[in-house]
Amino acid sequence: MATAQKQQAGSQPWLHQHGKEIQPFGTVRLFPIALSHDTRMYSCQRLNQILSDTQILYALYKKHHWLVRGQTFYQLHLLLDKHAGEQLTLVDTLAERVQTLGGVAVGDPRHVAEITQVPRPPDGAEEVPAMLSRLLEAHEIILADAHDAAARVAELGDDGTNDLLVSDVIRTGEMQAWFLAEHLVDTPLVRSDGAKARR
Ligand SMILES: [Fe+2]
């Protein structure tokens with residue numbers, strides 16, 4: 001018996017299998033969900049852009065969770081990890097919406113890097129306020145795109161994508177931006193200006 005036939009007869013897994021691409025990126029399969037081909041193509045393209053930027057935002061949150069330093073280390077270390085986790089949930093939600101529409105979700109980080117609009121940070125560490133500003137700017141890039149995409153997919157009748165963008169991407173992004181921005185307020189920690197003046 002040939003070696004291959006012996007493997008097939010037993011429980012040996014078929015290893016090292018390589019095949020051709022069966023659905024190119026940027027195409028959609030037909031699912032019976034009452035949305036036209038053109039609508040699904042458009043939504044997938046907008047979703048993949050936001051998915052790429054969200055994957056980068058997730059990675060930036062992790063980078064800064066690790067690299068943050070100084071007096072606010074502990075609270076920021078925890079906060080940035082919480083935000084990272086919430087962004088990772090959004091990554092999965094966005095990707096599965098693309099698949100629901102028949103498309104191909106951008107997944108490989110090298111592909112993500114080609115698509116994202118979020119500027120690349122230095123490989124090293126920045127000062128903490130610059131880290132927070134960088135995260136806020138990434139949020140605003142995604143929020144601007146999500147607002148525009150939400151309105152356009154609603155015009156095309158894709159209510160599910162509109163709901164995801166408004167209820168998940170925009171609401172989460174706005175809330176996280178608030179929490180970040182409050183850390184950039186230069187406010188006294190112990191004595192107010194009035195208390196100082198009375199001395
Ligand atoms: Fe951690």
Side-chain angles (χ1 to χ4, degrees), residues 46-100 104-150 161-197 199:
R46 298 300 302 258
L47 285 164
N48 266 325
Q49 180 64 58
I50 295 167
L51 172 58
S52 299
D53 294 335
T54 302
Q55 289 189 63
I56 293 295
L57 179 58
Y58 161 75
L60 286 179
Y61 265 119
K62 273 297 191 181
K63 173 181 166 74
H64 294 140
H65 160 69
W66 300 322
L67 270 55
V68 73
R69 53 199 65 193
Q71 291 184 354
T72 55
F73 168 80
Y74 190 57
Q75 70 187 74
L76 281 175
H77 181 69
L78 297 181
L79 179 71
L80 300 183
D81 208 32
K82 177 177 181 286
H83 284 195
E86 291 166 358
Q87 289 298 323
L88 192 57
T89 299
L90 288 179
V91 165
D92 201 51
T93 305
L94 286 159
E96 291 180 359
R97 182 67 194 166
V98 174
Q99 296 305 128
T100 301
V104 177
V106 56
D108 189 295
R110 291 159 291 192
H111 189 192
V112 169
E114 290 171 4
I115 294 175
T116 186
Q117 305 175 88
V118 176
R120 179 174 176 162
D123 291 338
E126 296 176 286
E127 291 178 327
V128 172
M131 292 183 191
L132 299 180
S133 284
R134 180 177 292 286
L135 290 167
L136 277 171
E137 286 165 13
H139 270 297
E140 194 159 32
I141 289 169
I142 293 169
L143 284 168
D145 204 21
H147 278 295
D148 183 71
T161 298
N162 169 272
D163 179 49
L164 187 162
L165 292 172
V166 173
S167 303
D168 297 322
V169 175
I170 292 174
R171 292 277 181 90
T172 303
E174 287 174 342
M175 176 79 94
Q176 293 189 350
W178 169 38
F179 272 68
L180 289 179
E182 291 294 357
H183 287 84
L184 292 172
V185 177
D186 193 6
T187 186
L189 279 177
V190 177
R191 280 190 298 169
S192 69
D193 288 341
K196 285 179 197 166
R199 286 212 148 201

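Positions are given from 1, in the same order as the sequence printed here.
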Rounded to the nearest 0.5 Å, how far apart are [atom1] of [X] and [atom2] of [Y]?
X      : Y      : atom1 : atom2 : value
Leu165 : Leu90  : CG    : CG    : 10.0 Å
Arg134 : Leu57  : CZ    : CG    : 12.0 Å
Glu126 : Leu132 : CD    : CG    : 10.5 Å
Glu182 : Leu184 : CD    : CG    : 9.5 Å
Arg120 : Leu60  : CZ    : CG    : 11.0 Å
Glu96  : Leu51  : CD    : CG    : 10.5 Å

Worksheet item: Do the rings of His65 and His77 sit parallel, tilted or perpendicular, given the 30° and 60° boundaries?
Response: parallel
Item to complete: May I ask you to decide if Pro119's main-chain N or O and Glu137's side chain share a donor-acceptor pair within less than 3.5 Å?
Response: no
Fill in: Qualifying residues under side-chain hydrogen bond (donor to acceptor under 3.5 Å, both in side chains), relative to Ser133, sequence neighbours excluded
none
Where is the tightest heavy-atom contact between [X] and [Y], given as atom of each residue plus distance?
X      : Y      : value
Gln99  : Ala105 : OE1-N, 2.8 Å
Asp123 : Lys63  : O-NZ, 3.1 Å
Val112 : Gly107 : CG2-O, 4.2 Å

Item to complete: Can you establish whether the number of heavy atoms outside Glu174 located under 6.0 Å from its atom CD is more than 12?
Response: yes
Practice prompt. Could you go through the side-chain contact (heavy atoms from CB on, under 4.5 Å) check for Gln117 and Asp145 one step at a time?
Written response: CA-CA 10 Å; Gln117 305 175 88; Asp145 204 21; 3.7 Å; yes
